[in-house]
Amino acid sequence: MFKKIQQLRLKYPFLKIIWNRYFLVLLFFVIWMLFLDNYSYLDHRLLDKEINELEANQKYYKDEISADSIKIKKLQNPDMIEKYAREKYFMKKDSEDIYIIEFEDDLRNEESKKDF
């Protein structure tokens, strides 16, 4: 068996490099670091992807918080509370009548949103 390996090494010079013990140790080390270690490259890729998602969520929620705080500041005024209640919840005073006008384009847009 050893003679066959020697013949192959003489026939193919690149096998001499591959059978070098330093190369084998380096190869073992690279495989260990890429796949088997607690801090492997694959784990880092997954964690980086998760960090990017969390940062995107953080930006989204900060934007939502700032928009909501602006709405809260506007709703400190009683006139704005009345306007918001009329537009959002269709509230009215006792002496008023409310007519809701819906356009065909609005109905089509709502139907297309329901399809998704």
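These numbers come from a predicted model, not from an experiment. Residues take their numbers from the sequence shown, with the count starting at 1.
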To the nearest 0.5 angstrom, please state how far the CD atom of Glu87 sits from the CD atom of Glu82. 11.0 Å
Could you see if Leu27 belongs to whatever hydrophobic cluster contains Tyr22? Use Ile, Leu, Val, Met, Phe, Trp, Tyr and a side-chain cutoff under 4.5 Å. no
If Ile, Leu, Val, Met, Phe, Trp and Tyr residues are connected whenever their side-chain heavy atoms lie under 4.5 Å apart, and connections chain through other members, are Tyr41 and Leu36 in the same group? yes
Do you know the tightest heavy-atom contact between Met80 and Lys74? CB-O, 3.1 Å
Quick test of your reading of the model: are Asp79 and Lys83 salt-bridged, counting only N-O distances below 4.0 Å? no
Using a strict threshold of under 4.0 Å (side-chain N to carboxylate O), is an ion pair present between Lys59 and Glu55? no
Would you say Glu64 has more than 12 foreign heavy atoms packed within less than 6.0 Å of its CD? yes
Out of curiosity, does Met91 fall in the hydrophobic cluster containing Leu75 (side-chain heavy atoms, cut-off under 4.5 Å, transitive links)? yes
Below 4.5 Å, heavy atoms only, C-beta onward: do Leu34 and Val30 meet side chain to side chain? yes
Answer yes if Leu46 and Leu42 sit in the same cluster of Ile, Leu, Val, Met, Phe, Trp and Tyr residues linked by side chain heavy atoms under 4.5 Å apart, and no otherwise. no
How many angstroms lie between atom CG of Asp63 and atom OH of Tyr60, to the nearest 0.5 angstrom? 9.0 Å
Go through the steps to decide whether Tyr61 and Asn57 satisfy the test side-chain contact (heavy atoms from CB on, under 4.5 Å), and finish with yes or no. CA-CA 6 Å; Tyr61 287 120; Asn57 284 343; 4.2 Å; yes
Other residues, nucleotides, ligands: >12 heavy atoms within 6.0 Å of Lys71 NZ: no
